[in-house]
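Everything below concerns the one structure shown next.
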Amino acid sequence: MSEDFTMDESLDPAQRELTYVHKVYNEIAEHFSDTRYKPWPVVTSFLQSRTSGSVGIDVGCGNGKYLGLREDLYMIGSDRSSGLIGCAKDLGKEVMVSDGLSLPHPNNRFDFAISIAVIHHFSTPERRTQAIAEILSKLRSGGEVLLYVWALEQEKSRRGYKEGDPQDVLVPWVLQKKVPKRVKQVQRRKGDPKPEPKTEEQLRIEAEEEEKRKEAAKDETKFRYYHLYQKGELEQNAEAAGGIVVSGGYERDNWYAIIRKP
Amino acid sequence: MKFLTTNFVKCSIKTCDATTESFPLKYTNCELIQSSQDFNPDFILSMLDRLDWSALVKVAQDLGNSALPPVKPEGEMLNDVNLLQDLHTLLLETCITEGEMTCQHCGHIYYIKNSIPNFLLPPHLA
Ligand SMILES: C[S@@+](CC[C@H](N)C(=O)[O-])C[C@H]1O[C@@H](n2cnc3c(N)ncnc32)[C@H](O)[C@@H]1O
Ligand SMILES: [Zn+2]
């Protein structure tokens with residue numbers, strides 16, 4: 001599906017992410033937010049196992065579905081997309097707009113962090129490692145972060161990515177549009193005088209309008225950049241970022257890992 | 001943004017990381033609202049443990065509240081429910097809806113609009 005769209009290769013990594021990640025999330029924010037409400041089990045159990053009264057951050061929180069999962073934790077969410085942060089705010093979450101590579105938090109203060117389906121949006125290995133290092137810098141010594149990224153190995157999924165496929169891909173998001181209503185034909189009742197037959201000109205105009213209507217109703221497809229992670233790669237990035245891998249695994253087309261700050 | 005959050009945000013410019021002036025930010029032209037929340041004394045006690053008290057005092061002063069004790073309450077004082085209730089009101093129920101946050105190191109101004117602080121940097125500072 002992504003083959004019919006190629007990335008502008010002249011862009012530097014930050015511009016690439018601006019075009020193929022940040023702009024897109026803002027464009028699809030509302031529609032995206034509507035699809036995000038089910039928490040993933042691994043994330044829930046990570047949050048359940050935090051000590052009561054802990055303070056944490058959710059980097060790339062989207063609409064903030066993991067914030068406030070537990071009332072006895074204090075969690076602050078941040079995301080690049082002001083559109084999604086607006087949705088999170090409307091849901092009553094404690095959130096701010098910021099970039100994952102320059103988090104606006106004091107260092108060494110937080111007990112834990114989560115960053116769910118975010119790191120795979122950075123477009124070079126250096127930036128992915130840097131993003132993990134940035135999160136670790138905010139944790140106190142011994143603090144833990146749960147990371148989640150999309151896996152290359154997802155042969156059974158709808159997209160069907162598998163080992164050996166290219167890892168840097170553009171993934172379509174179909175933005176469904178509200179269909180404008182067709183102009184209703186006036187119903188003719190028995191006994192009404194027959195309408196004048198339409199002139200060729202009228203028929204031509206009607207056909208054109210119908211064409212325009214169909215065009216406007218077409219779903220628009222937006223492409224998001226993803227780096228699909230191979231088995232072991234997330235752990236590699238995390239170690240390069242100075243973290244200690246506590247545990248990790250695979251869940252529903254994603255790799256996850258819990259990383260501890262030394 | 002809840003008042004409590006001011007204790008967990010600073011200037012996002014990398015070169016300000018090493019300085020102590022980038023935290024807390026200086027709050028000006030702020031509009032506040034109170035929104036009621038369930039009072040949980042244990043939660044306030046845990047937060048107290050995690051707070052940078054002098055930063056809290058500074059920000060409270062920025063916002064016109066000079067009533068906080070200069071040192072973090074501890075020991076016997078923590079049995080005082082009124083104190084915990086006051087802290088609850090300040091930390092969790094007081095929200096900044098509009099305002100400016102200035103880094104005392106580099107002078108960069110961040111804005112709070114519709115209760116949402118924005119820490120994105122212009123490209124030349126990122
Ligand atoms: C797939 S969504 C996941 C959202 C949320 N964590 C969840 O699990 O529902 C990816 C999120 O990462 C955010 N994001 C991408 N790049 C970012 C960056 N550089 N800084 C902060 N957030 C970023 C996007 O705006 C988007 O909200
Ligand atoms: Zn600064």
Side-chain angles (χ1 to χ4, degrees), chain A residues 12 14-15 17-18 22 26 50-57 59 64 67-68 70-90 92-113 127 130 133-134 137-138 140 143, chain B residues 1-25 35 37-52 54-55 88 91-92 95-97 101 103 108 110-126:
Chain A
D12 74 25
Q15 289 172 321
E17 292 157 22
L18 193 66
H22 310 319
N26 273 335
R50 299 304 100 191
T51 315
S52 185
S54 295
V55 179
I57 46 175
V59 178
L67 303 171
R70 264 180 68 182
E71 290 199 344
D72 60 335
L73 302 177
Y74 194 63
M75 284 182 75
I76 301 171
S78 64
D79 200 285
R80 252 313 289 232
S81 163
S82 51
L84 280 166
I85 285 298
C87 296
K89 172 75 203 27
D90 292 342
K93 316 290 181 174
E94 186 66 7
V95 287
M96 54 194 60
V97 180
S98 73
D99 190 278
L101 292 179
S102 15
L103 292 173
H105 307 297
N107 293 343
N108 310 310
R109 284 285 300 281
F110 295 89
D111 301 301
F112 71 94
R127 287 168 73 81
Q130 210 186 323
E134 179 72 1
S137 73
K138 305 307 170 193
R140 61 165 169 78
Chain B
M1 167 166 83
K2 289 192 200 309
F3 189 94
L4 178 54
T5 298
T6 67
N7 213 257
F8 294 101
V9 294
K10 69 167 202 26
C11 181
S12 52
I13 297 171
K14 277 278 157 333
T15 47
C16 289
D17 255 25
T19 73
T20 50
E21 297 146 322
S22 64
F23 174 78
L25 296 165
S35 85
Q37 302 277 317
D38 291 340
F39 175 46
N40 175 351
D42 287 334
F43 185 74
I44 298 301
L45 285 171
S46 323
M47 289 306 113
L48 206 51
D49 220 31
R50 325 274 320 136
L51 283 179
D52 181 319
S54 76
H88 167 79
L91 298 175
L92 299 177
C95 304
I96 309 177
T97 54
M101 306 173 280
C103 173
H108 191 75
Y110 302 92
Y111 294 89
I112 303 169
K113 287 187 183 138
N114 289 321
S115 304
I116 301 171
N118 191 327
F119 290 97
L120 283 188
L121 297 168
H124 68 282
L125 290 175

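Throughout, a chain's letter reflects where its sequence line sits, starting with A, and its residues are numbered from 1.
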(request) Mind checking the CD1-CG spacing from A:Ile76 to B:Asn7? Nearest 0.5 Å is all I need. (result) 9.0 Å
(request) Evaluate whether atom CD of B:Gln37 has more than 12 neighbouring non-hydrogen atoms of other residues, nucleotides or ligands under 6.0 angstrom away. (result) yes
(message) Do A:Pro104 and B:Lys10 have side chains that approach each other closer than 4.5 Å (heavy atoms only, starting at C-beta)?
(response) no
(request) Flag the pair A:Glu134 / B:Lys14 as yes when at least one side-chain heavy-atom distance between them is below 4.5 Å, and no otherwise. (result) yes
(message) At a 4.5 Å cut-off on heavy atoms, which part of A:Gln15 comes close to chain B: side chain, backbone, both, or neither?
(response) neither
(message) For chain B, which candidate among A:Ser52, A:Ser98, A:Ser137 shows the most heavy-atom pairs at distances under 4.5 Å?
(response) A:Ser98
(message) I'd like to verify something: which residue of A:Met96, A:Arg140, A:Arg80, A:Lys138 has the highest number of heavy-atom pairs under 4.5 Å with chain B?
(response) A:Met96
(request) Kindly indicate whether the side chain of B:Leu121, heavy atoms from C-beta on, has any atom under 4.5 Å from the side chain of A:Asp99. (result) no
(message) Please classify the contact between B:Lys2 and chain A as side chain, backbone, both or neither, with a heavy-atom cut-off of under 4.5 Å.
(response) both
(message) With a 3.5 Å distance limit and no angle check, can you tell me whether A:His105 reaches the backbone of B:Val9 through a side-chain donor-acceptor pair?
(response) no
(message) So for B:Asp49, is it side chain, backbone, both, or neither that comes closer than 4.5 Å to the heavy atoms of chain A?
(response) neither
(request) Indicate whether any N or O donor in one side chain lies under 3.5 Å from an N or O acceptor in the other, for B:Thr5 and A:Tyr74. (result) yes
(message) For A:Lys89 versus B:Ser115, what's the shortest heavy-atom pair and its separation?
(response) CE-CB, 3.2 Å
(request) Pick one of side chain, backbone, both or neither for B:Leu92, based on which atoms fall under 4.5 Å of a heavy atom in chain A. (result) side chain
(request) Please round to the nearest 0.5 Å and tell me the distance separating atom CG of A:Leu73 and atom CZ of B:Phe43. (result) 7.5 Å
(message) If I measure from the heavy atoms of chain B, does A:Leu103 come under 4.5 Å with its side chain, its backbone, both, or neither?
(response) backbone
(message) Heavy-atom pairs under 4.5 Å with chain A - which of B:Pro123, B:Pro117, B:Ser46 has more of them than the others?
(response) B:Pro117
(request) Measure distances from B:Leu51 to the heavy atoms of chain A and classify the residue's part below 4.5 Å as side chain, backbone, both or neither. (result) backbone
(request) Mark yes when over 12 heavy atoms from residues, nucleotides or ligands other than A:Asp12 sit less than 6.0 Å from its CG; otherwise mark no. (result) yes
(request) Find the distance between OG (A:Ser81) and CG (B:Leu120) and round it off to the nearest 0.5 Å. (result) 10.0 Å
(request) Pick one of side chain, backbone, both or neither for A:Leu101, based on which atoms fall under 4.5 Å of a heavy atom in chain B. (result) backbone
(message) With a 4.5 angstrom heavy-atom cut-off, is it the side chain or the backbone of B:Asn40 that approaches chain A, or both, or neither?
(response) neither
(message) Nearest 0.5 Å, please: how far is CZ in B:Phe119 from OG in A:Ser102?
(response) 11.5 Å
(request) Kindly compute the distance separating OG (A:Ser54) from CE (B:Met47), expressed to the nearest 0.5 Å. (result) 8.0 Å
(request) Heavy-atom distances under 4.5 Å only: say whether A:Ile57 touches chain B with side chain, backbone, both or neither. (result) neither
(request) Kindly indicate whether the side chain of B:Phe8, heavy atoms from C-beta on, has any atom under 4.5 Å from the side chain of A:Val55. (result) yes
(message) With heavy-atom distances below 4.5 Å as the criterion, would you say the side chains of B:Met1 and A:Val95 are in contact?
(response) no
(message) Within the 4.5 Å heavy-atom criterion, are A:Glu94 and B:Leu4 side-chain neighbours or not?
(response) no
